[in-house]
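Have a look at this one before I ask anything.
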Amino acid sequence: MKRVGFIGWRGMVGSVLMERMMAENDFAHMESHFYSTSQAGGTAPKVTNGNPVVLNAMDPQELAKMDMLVSCQGGDYTKEIFPQLRKNGWKGLWIDAASALRMDNDSVIVLDPVNRANIQKALDSGVKNYIGGNCTVSLMLIALHGLFRENMIEWVSSMTYQAASGAGAKNMIELLDQMKTVGNSFAKHPAMGALELEKEMNTTLASSEFPKANFGHPLALNLLPWIDSELPSGQSKEEWKAQVEANKILGNTTPIPVDGTCVRVSALRCHSQGLTIKLKKSAHLSTVEEIIRSANDWVRLVPNDKATTLRDLTPAAVTGRLHVPIGRLRPMTLGDTYFNAFTVGDQLLWGAAEPLRCVLRQALQ
Ligand code: NAP
């Protein structure tokens, strides 16, 4: 039985990965060991064939005993530990949620519903590094899989509405803390009119006491149109990832342009995206609908009517679910090759944990 080490299982992505692996009885197929940078010596999650004691995630010798390592710990950890392991001659499989190694030539970005065949080829040919894609990129590719597969797309512009939990556990808790602060301020002035309340809330948001250590700014009652670092192109790093990662996953030699603005909003879980899709040739709406609907087991086409959209195409409706709905699909007035669409997906499931779970099972086969 292969020895598999898990690092980052306490975090947002890691916890969802644990939940999914338990639900699918994955632990029965491996011997599991749990590592932590802060909880070594503690009690590990109780799983079939699991080591009950948490091991030290900062000890390369302890890590090197594994046949495979699955990290949901973050990019800084990967940058520190992964090179040491390889330098010391560790030849195991490295499966990672962080972006650090995604664009390396010797890594594959994994997204089972879209590139399972390419992953199999890589496993057969001895590739050792398998990295989950950026959450919005993976969710967009599952939603638009059919149109990409039929080579119908000239370019896509994606305007994102990304949930607080996409930035990690501490950020999600901070958003709730911000909302509590806003709620407390509202409770002190129940009789104020709307405009007076708006002034009061802005004073609350601007206060030095307002909790913003992780986001750096208020996200409650606000949005933040910049995610990740600045690049010389004027894009944020999150925006840059869309084109490079999508094309790497699709295995395109001629890249399809994908660009837009990435925005953090105060949804708790689930990323949303408004899409402008430029097709190479005009196509009838019913053809586009059918191609999207039939592409994979996870995409769901939501009819473009108000009631169904507001019921089924929101972060609150999609949270904790594996399907990826896409709706608001309609031709645009911009021209007969332009389509509008809106998609929502759980960024902790197909956006993060599920591709890792799938590649782990595929590798164990
Ligand atoms: P996270 O929630 O911040 O967890 C990372 C680590 O922080 C944990 O494994 C844990 O490590 C430590 N930690 C400290 N305080 C904690 C607390 N209160 N609760 C839980 N863990 C705590 O990070 P994440 O969002 O899962 O992201 C992990 C990686 O996946 C990142 O590279 C991220 O970019 C990527 N990713 C995230 C998402 C997403 O939606 N969040 C989507 C796709 C990819 P120790 O046990 O060692 O202390």
Side-chain angles (χ1 to χ4, degrees), residues 5-20 33-45 53-59 62-63 69-82 94-103 107 109-111 130-142 160-177 213-215 227-229 236-238 241-242 245 249 262 264-265 267-273 315 318-320 324 344-357 359:
F6 294 90
I7 312 130
W9 48 276
R10 292 198 317 126
M12 299 290 301
V13 176
S15 306
V16 171
L17 179 65
M18 293 299 106
E19 273 173 29
R20 286 288 301 135
H33 299 262
F34 296 89
Y35 292 81
S36 169
T37 61
S38 66
Q39 313 286 313
T43 307
V53 179
V54 175
L55 304 170
N56 181 5
M58 301 312 291
D59 181 348
E62 198 60 58
L63 291 162
L69 286 167
V70 181
S71 174
C72 306
Q73 185 66 15
D76 291 344
Y77 176 81
T78 300
K79 284 181 202 154
E80 185 176 346
I81 294 295
F82 174 79
W94 178 266
I95 297 173
D96 198 343
S99 64
L101 307 176
R102 274 184 205 143
M103 296 310 296
S107 76
I109 306 181
V110 293
L111 186 58
Y130 296 87
I131 318 300
N134 171 267
C135 37
T136 46
V137 176
S138 296
L139 294 167
M140 178 195 68
L141 287 182
I142 290 178
T160 74
Y161 307 79
Q162 297 183 219
S165 56
K170 288 181 194 152
N171 291 62
M172 200 200 81
I173 292 165
E174 183 171 276
L175 172 64
L176 292 171
D177 211 11
N214 293 292
F215 280 115
I227 299 177
D228 210 334
S229 50
S236 69
K237 193 162 179 206
E238 187 80 357
K241 287 172 184 173
E245 289 192 21
I249 293 169
C262 290
R264 184 78 66 199
V265 297
L268 217 47
R269 178 167 165 176
C270 292
H271 291 344
S272 310
Q273 310 180 51
V318 176
T319 187
V324 179
V344 185
D346 189 315
Q347 95 283 357
L348 291 166
L349 286 166
W350 275 119
E354 201 63 9
L356 305 186
R357 196 186 76 73
V359 73

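In each ligand, atom 1 is the first atom listed, and ligand 1 is the first ligand listed.
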Provide, to 0.1 Å, the distance between atom 4 (O) of ligand 1 and the closest protein heavy atom, together with that atom's residue and name.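 Checked against all protein heavy atoms, atom 4 (O) of ligand 1 sits closest to G11 CA, 3.2 Å.
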Test item: protein heavy atom less than 4.0 Å from atom 34 (O) of ligand 1: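 Flag for atom 34 (O) of ligand 1 set to false, no protein heavy atom closer than 4.0 Å.
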Option with minimal heavy-atom separation from atom 29 (C) of ligand 1, where the choices are C72, G133, A100: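 Nearest option to atom 29 (C) of ligand 1, by heavy atoms: C72.
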Is Y35 close to Q73 at the side-chain level, that is, under 4.5 Å between some pair of heavy atoms?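 The answer is no, as the side chains (C-beta and beyond) never meet within the 4.5 Å cut-off.
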Would you call the rings of F6 and F34 parallel, tilted or perpendicular, where under 30° means parallel and over 60° means perpendicular?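 Parallel, since the angle between the ring planes stays under 30°.
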Taking W9 as the fixed residue, which of V54, L17, V16 is the one that meets the side chain to side chain contact (heavy atoms under 4.5 Å, CB included) rule?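 Considering V54, L17, V16, a side chain to side chain contact (heavy atoms under 4.5 Å, CB included) with W9 is found only for V54.
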Distance to 0.1 Å, residue and atom name: give those for the protein heavy atom nearest to atom 48 (O) of ligand 1.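 Answer, as residue, atom name and distance: S38 OG, 2.5 Å.
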Which residue and atom name correspond to the protein heavy atom nearest atom 40 (O) of ligand 1, and how close is it?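 Ranking protein heavy atoms by distance from atom 40 (O) of ligand 1, first comes Q347 CG, 3.0 Å.
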Residues two or more places apart in sequence or in another chain: which of them pass side chain to side chain contact (heavy atoms under 4.5 Å, CB included) with T136?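 T136: side chain to side chain contact (heavy atoms under 4.5 Å, CB included) contacts with N134, T160, Q162, E238, H271, Q273.
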Given side chain to side chain contact (heavy atoms under 4.5 Å, CB included), test E80 with M58 step by step and report yes or no. CA-CA 9 Å; E80 185 176 346; M58 301 312 291; 3.5 Å; yes
With a 3.5 Å distance limit and no angle check, can you tell me whether D346 reaches the backbone of G320 through a side-chain donor-acceptor pair?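 Between the backbone of G320 and the side chain of D346 there is a qualifying donor-acceptor contact (under 3.5 Å).
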Identify the protein heavy atom lying closest to atom 30 (O) of ligand 1, giving its residue, its atom name and the separation to 0.1 Å.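 Minimum-distance protein heavy atom for atom 30 (O) of ligand 1 reads A97 CB, 3.4 Å.
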Subset of ligand 1 atoms that lie under 4.0 Å from at least one heavy atom of S36: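 Result: 45 (P), 46 (O), 47 (O), 48 (O).
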Any N or O of A352 that comes nearer than 3.5 Å to an N or O of ligand 1?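 No.
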Polar side-chain atom of E245 near backbone of V137 as donor-acceptor pair, under 3.5 Å: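 No: the side chain of E245 does not pair with the backbone of V137.
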Heavy atoms only, cut-off 4.0 Å: how does S165 contact ligand 1, side chain, backbone, both, or neither?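 Backbone only.
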Minimum-distance protein heavy atom relative to atom 31 (C) of ligand 1: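 The answer is G74 CA, 3.6 Å.
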What are the atoms of ligand 1, with element, lying closer than 4.0 Å to any heavy atom of G8?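 Near G8, meaning under 4.0 Å from one of its heavy atoms, ligand 1 has 9 (O).
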Apply the test side chain to side chain contact (heavy atoms under 4.5 Å, CB included) to residues T78 and W94: give CA-CA distance (whole Å), side-chain angles for both, the deciding distance (0.1 Å), then the verdict. CA-CA 10 Å; T78 300; W94 178 266; 4.0 Å; yes
Non-hydrogen atom of A57 closer than 4.0 Å to ligand 1: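 The answer is no, since A57 has no heavy atom less than 4.0 Å from ligand 1.
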Does the N or O separation between L348 and ligand 1 drop below 3.5 Å for any pair?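 L348 vs ligand 1: no N/O contact under 3.5 Å.
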Closest to atom 20 (C) of ligand 1 among K170, Q162, R10, M58 (heavy-atom distance):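 Residue with the shortest heavy-atom distance to the ligand atom: R10.
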Using the side chain to side chain contact (heavy atoms under 4.5 Å, CB included) rule, take E354 and I142 through it: C-alpha gap first, then chi angles, then the decisive distance, then the call. CA-CA 12 Å; E354 201 63 9; I142 290 178; over 6 Å; no
Ligand-side contact atoms (ligand 1) for residue partner A169, heavy atom cut-off under 4.0 Å: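 The list of qualifying atoms is 1 (P), 2 (O), 3 (O), 19 (N).
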Can you check side chain to side chain contact (heavy atoms under 4.5 Å, CB included) on L268 and L176, steps first, answer last? CA-CA 9 Å; L268 217 47; L176 292 171; 4.0 Å; yes
May I ask you to check if ligand 1 and T37 share an N or O to N or O distance below 3.5 Å?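 In this structure, T37 places an N or O atom under 3.5 Å from an N or O of ligand 1.
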Check whether any protein heavy atom sits under 4.0 Å from atom 18 (N) of ligand 1.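 Protein heavy atoms within 4.0 Å of atom 18 (N) of ligand 1 - there are none.
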Are any of the N/O atoms in H271 less than 3.5 Å from those in ligand 1?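 No, there is no polar N/O contact under 3.5 Å.
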How far apart are the closest heavy atoms of P355 and A352, and which atoms are they?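 Reported closest heavy-atom pair: CD-O, 3.4 Å.
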Are any side-chain N or O atoms of S272 and backbone N or O atoms of V344, one a donor and one an acceptor, separated by less than 3.5 Å?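 No: the side chain of S272 does not pair with the backbone of V344.
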With a 4.5 Å heavy-atom cut-off, do K241 and D228 have their side chains touching?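 K241 reaches D228 side chain to side chain.
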Counting only nitrogen or oxygen atoms and a 3.5 angstrom limit, does V13 reach ligand 1?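 Right, the criterion is met.
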Can you tell me the protein heavy atom closest to atom 25 (O) of ligand 1 and the distance?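 Its nearest protein heavy-atom neighbour is G168 CA, 3.2 Å.
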Which heavy atom of the protein is the closest neighbour of atom 7 (O) of ligand 1, given with residue, atom name and distance?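 Closest protein heavy atom to atom 7 (O) of ligand 1: Q73 NE2, 4.4 Å.
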Within a distance under 4.0 Å of any heavy atom of G75, pick out the atoms of ligand 1 and give their elements.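 This gives 32 (O) as the contact atoms.
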